[in-house]
Amino acid sequence: MADNLSDALKKLKITTTDSTADSLEGCLDCLLQALAQNNTETSEKIQKSGVLQVFASLLMPQSSCTAKVANVIAEVARNEFMRNPCVDAGLIPPLVQLLNCKDQEVLLQTGRALGNICYDSHEGRNAVDHAGGAHIVVDHIRSLCSKTDPASEKLLTVFCGMLMNYSNENGKQHQKFALCLPGEQPHQKKKEKRKQLNSTILLFGVSMCVTEGHGAIAIQVLDTLQSQLINMGVIPTLVKLLGIHCQNAALTEMCLVAFGNLAELESSKEQFAYTNIAEELVKLFKKQIEHDKKEMIFEVLAPLAENDVIKLQLVEAGLVECLLEIVQKTVDSDKEDDVAELKTASDLMVLLLLGDESMQKLFEGGKGSVFQRVLSWIPSNSHQLQLAGALAIANFARNDGNCIHMVDNGIVQKLMDLLDRHVEDGNVTVQHAALSALRNLAIPVVNKAKMLSAGVAEAVLKFLRSEMPPVQFKLLGTLRMLIDAQAEAAEQLGKNVKLVERLVEWCEAKDHAGVMGESNRLLSALIRHSKSKEVIRTIVQSGGIKHLVTMATSEHVIMQNEALVALALIAALELVTAEKDLENAQLVQILHRLLSDDRSAPEIKYNSMVLICALIGSEPLQKEVQSMAFLEVVSKLRSHENKTVAQQASLTEQRLAVES
């Protein structure tokens with residue numbers, strides 16, 4: 001065989017237009033036979049022989065050998081190391097031209113060759129793009145879409161596979177296939193095991209294969225290629241194809257992976273929303289028994305379900321019932337595939353609830369069967385279901401009506417029971433999700449007193465010692481929501497030395513801006529809602545004043561304002577206690593800056609002047625005010641366009657004049 005292969009390569013190397021078709025066919029048959037026996041070794045010999053350049057001249061529509069030449073190229077391109085040489089040998093333009101011919105076998109082998117060259121190859125895809133290959137293939141798919149004869153389906157499968165590889169970004173979390181004829185084994189990469197990442201929908205993937213320094217360029221080009229396909233209108237065509245050929249497993253698989261490649265782009269989601277993709281995917285999903293097939297559909301559902309219109313379509317198509325059935329079947333299993341399926345199904349369920357319309361449809365006034373099933377997940381022994389249940393409740397709790405209904409029907413106790421199960425060395429994601437749900441439920445005014453009476457504040461305080469920033473963040477947000485306009489609760493919490501000391505500690509968590517911001521806001525809220533001298537003294541003694549002063553310089557107006565109101569209350573109620581800390585924190589200088597800055601919001605200017613008037617009740621702070629020429633700054637504000645600011649400026653000017 002080795003001698004025959006060498007002879008065949010030599011003959012091909014010296015091929016001229018005078019060579020007979022028979023002699024060419026004999027050489028090509030020899031190559032195909034050698035490739036079938038040892039593809040890698042034979043491909044290396046073909047590359048070294050320089051025959052690839054000869055193939056470009058043999059790819060002629062009128063030649064009887066053309067299909068075999070394309071077949072050889074398709075076979076060698078199953079090897080990664082051969083794809084760039086195929087591009088460099090100039091094979092792409094003549095292959096793309098062959099897509100215009102009518103011969104079924106030529107089209108089949110040409111589609112395979114182009115598809116395999118595109119497989120995991122930025123250069124290959126780019127060359128096909130420049131030659132206009134994708135346009136022609138999309139036109140073929142469109143014209144063949146409704147044909148169900150075996151020959152047409154075979155061609156459709158190859159063309160869809162080519163588009164699948166053409167649209168697949170390097171490192172994207174989808175399968176890529178070398179294109180084989182039916183009955184052949186695909187030369188493909190093994191799937192990696194899915195990775196457990198918080199509560200996101202998980203997909204299986206392949207590792208990124210981009211040389212350093214070129215990754216960004218490759219991805220940018222691929223986004224362009226994907227966008228081109230979308231602009232060509234390939235999505236409605238593929239959705240139609242999926243419906244017509246749903247019994248063809250190979251063709252269905254190619255469509256699904258192509259969908260997965262395209263579905264990440266926002267522009268594609270808009271196109272998908274105008275098709276019946278939701279109905280087709282749910283119909284297909286219901287037929288699946290094998291885990292891998294379900295997983296492939298999940299890969300398409302996950303990105304599509306990020307679109308609110310498609311969320312509702314999926315709910316109406318019956319996806320939720322499918323997901324609930326999976327949960328029921330897998331919840332007690334410890335098999336790896338079942339555990340993965342449970343996670344993906346419950347995560348996708350949570351994702352569907354992120355859409356307002358889909359969420360309300362499933363809530364059904366709190367009487368919906370789906371809502372009731374989700375409630376049953378919370379006391380489950382499965383951490384995954386506890387997590388999904390709590391996240392689902394947090395998503396249902398996105399309007400006052402739902403929140404009020406859930407609190408009135410005992411959901412708070414279920415969430416507190418769940419938190420109790422995770423106090424000691426608990427699951428952080430479950431803690432975070434349960435706290436998120438409680439925070440949302442605490443937003444309506446009528447719920448606050450009910451939740452405080454139920455002991456939510458005490459349940460939340462058990463997590464004060466948590467060292468996990470996501471838990472800290474939600475804990476702080478929940479307490480802040482609970483005490484809003486609840487004077488008694490604010491005073492009780494504000495006198496809790498352990499809580500206040502922890503807040504002061506978290507106010508310095510510079511590595512976690514969210515925790516730092518929420519700590520400052522809760523510190524301010526304790527003062528603003530309690531208006532308690534004892535709370536102020538606790539905060540002063542714990543070193544909290546400097547953080548409130550710093551908060552007044554925040555880039556967020558709402559935080560600035562909350563800080564200034566809290567500081568004004570401190571100055572009005574406990575100025576003597578706090579004056580040293582206020583002086584050390586350079587509050588007067590900060591107020592001068594806020595009043596001088598034209599960009600300061602009207603409410604910031606107003607509250608800064610109110611605070612100045614309060615501060616001059618302290619001798620050392622009054623001296624600072626007098627030394628900084630506040631009269632000049634305040635005088636200019638009398639003509640401010642905001643009448644409230646202008647009025648306060650007049651009052652402040654009078655007060656400063658009296659004290660000077």
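Numbers for residues simply follow the sequence, beginning at 1.
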Does any non-hydrogen side-chain atom of [Y] lie less than 4.5 Å from one of [X]?
X: Pro469; Y: Gln472; result: yes
X: Leu348; Y: Leu314; result: no
X: Asn496; Y: Leu461; result: yes
X: Leu419; Y: Leu438; result: yes
X: Ile570; Y: Leu548; result: yes
X: Glu501; Y: Trp506; result: no
X: Asn381; Y: Arg421; result: yes
X: Gln386; Y: His422; result: yes

Return the minimal non-hydrogen interatomic distance between [X] and [Y], and the atom names on each side.
X: Ile604; Y: Val557; result: CD1-O, 3.9 Å
X: Ala563; Y: Ala552; result: CB-N, 3.6 Å
X: Arg537; Y: Thr577; result: CG-CG2, 4.3 Å
X: Gly494; Y: Val500; result: O-CG2, 3.4 Å
X: Ala305; Y: Leu351; result: CB-CD2, 3.8 Å
X: Ala649; Y: Met609; result: CA-SD, 3.5 Å

How many angstroms lie between atom [atom1] of [X] and atom [atom2] of [Y], to the nearest 0.5 angstrom?
X: Glu518; Y: Met559; atom1: CD; atom2: CE; result: 8.0 Å
X: Leu595; Y: Lys605; atom1: CG; atom2: NZ; result: 6.0 Å
X: Arg398; Y: Gln360; atom1: CZ; atom2: CD; result: 8.5 Å
X: Leu526; Y: Ile483; atom1: CG; atom2: CD1; result: 4.5 Å
X: Glu508; Y: Thr550; atom1: CD; atom2: OG1; result: 9.5 Å
X: Thr644; Y: His640; atom1: OG1; atom2: NE2; result: 10.5 Å

Test side chain to side chain contact (heavy atoms under 4.5 Å, CB included) applied to Lys294 and Thr344, step by step: CA-CA 10 Å; Lys294 289 180 184 176; Thr344 307; over 6 Å; no

For the residue pair Phe371 and Phe363, does the interplanar ring angle fall in the parallel (under 30°), tilted (30 to 60°) or perpendicular (over 60°) class? perpendicular

With sequence neighbours excluded, what pairs up with Tyr606 under the ring-ring contact (aromatic ring centres under 6.0 Å, His included) test? none

Check ring-ring contact (aromatic ring centres under 6.0 Å, His included) between Phe285 and all other residues, then give those that pass, not counting sequence neighbours. Phe298

All side chain to side chain contact (heavy atoms under 4.5 Å, CB included) counterparts of Cys613, not counting sequence neighbours: Gln648, Thr652, Arg655

N-O pairing of [X] and [Y] below 4.0 Å:
X: Arg502; Y: Glu467; value: yes
X: Lys414; Y: Asp417; value: no
X: Arg599; Y: Asp597; value: yes
X: Lys269; Y: Glu266; value: yes
X: Lys361; Y: Glu357; value: no
X: Lys533; Y: Glu491; value: no

Backbone of [Y] reached by a side-chain donor or acceptor of [X] within 3.5 Å:
X: Ser532; Y: Glu534; answer: yes
X: Ser618; Y: Leu615; answer: no
X: Ser596; Y: Arg593; answer: no
X: His592; Y: Met628; answer: yes
X: Lys531; Y: Arg528; answer: yes
X: Lys474; Y: Leu435; answer: no
X: Gln372; Y: Gly366; answer: yes

Acceptor/donor pairs from residues 580-589 side chains to any protein atom, 3.5 angstrom cut, sequence neighbours excluded:
residue	atom	partner	partner atom	Å
Asn584	ND2	Lys580	O	3.3

Any pair with a residue in residues 439-464 that passes side chain to side chain donor-acceptor pair (under 3.5 Å), sequence neighbours left out, goes on the list, sorted by first then second residue, please. Asp408-Lys450, Asp420-Lys462

Residue pairs involving residues 560-569 (criterion side chain to side chain donor-acceptor pair (under 3.5 Å); sequence neighbours excluded): Arg521-Glu562, Asn561-Asn607

Near Glu306 CD, under 6.0 Å, is it more than 12 heavy atoms from other residues, nucleotides or ligands? yes

Counting only heavy atoms from other residues, nucleotides and ligands, does the tally under 6.0 Å from CD of Glu505 exceed 12? yes

Polar contact flag, side-chain donor to acceptor under 3.5 angstrom, Gln486-His529: no

Polar contact flag, side-chain donor to acceptor under 3.5 angstrom, Asp338-Ser333: yes

Before giving the answer on side chain to side chain contact (heavy atoms under 4.5 Å, CB included), spell out for Met516 and Phe473 the whole-Å C-alpha distance, their side-chain angles and the decisive distance to 0.1 Å. CA-CA 9 Å; Met516 188 165 68; Phe473 180 73; over 6 Å; no

Start with the C-alpha distance between Arg465 and Glu424, add both sets of side-chain angles, then the distance that settles salt bridge (Lys or Arg N to Asp or Glu O under 4.0 Å), and finish with yes or no. CA-CA 10 Å; Arg465 59 180 178 269; Glu424 299 295 334; 2.9 Å; yes

Run the side chain to side chain contact (heavy atoms under 4.5 Å, CB included) test on Met451 and Val407 for me, step by step, so that the C-alpha distance in whole Å, both residues' side-chain angles and the decisive distance to 0.1 Å come before the verdict. CA-CA 8 Å; Met451 292 176 69; Val407 169; 4.3 Å; yes

For a side chain to side chain contact (heavy atoms under 4.5 Å, CB included) check, start with the C-alpha distance between Leu503 and Ile539, then their side-chain angles and the critical distance, and finish with the verdict. CA-CA 10 Å; Leu503 292 182; Ile539 290 172; over 6 Å; no

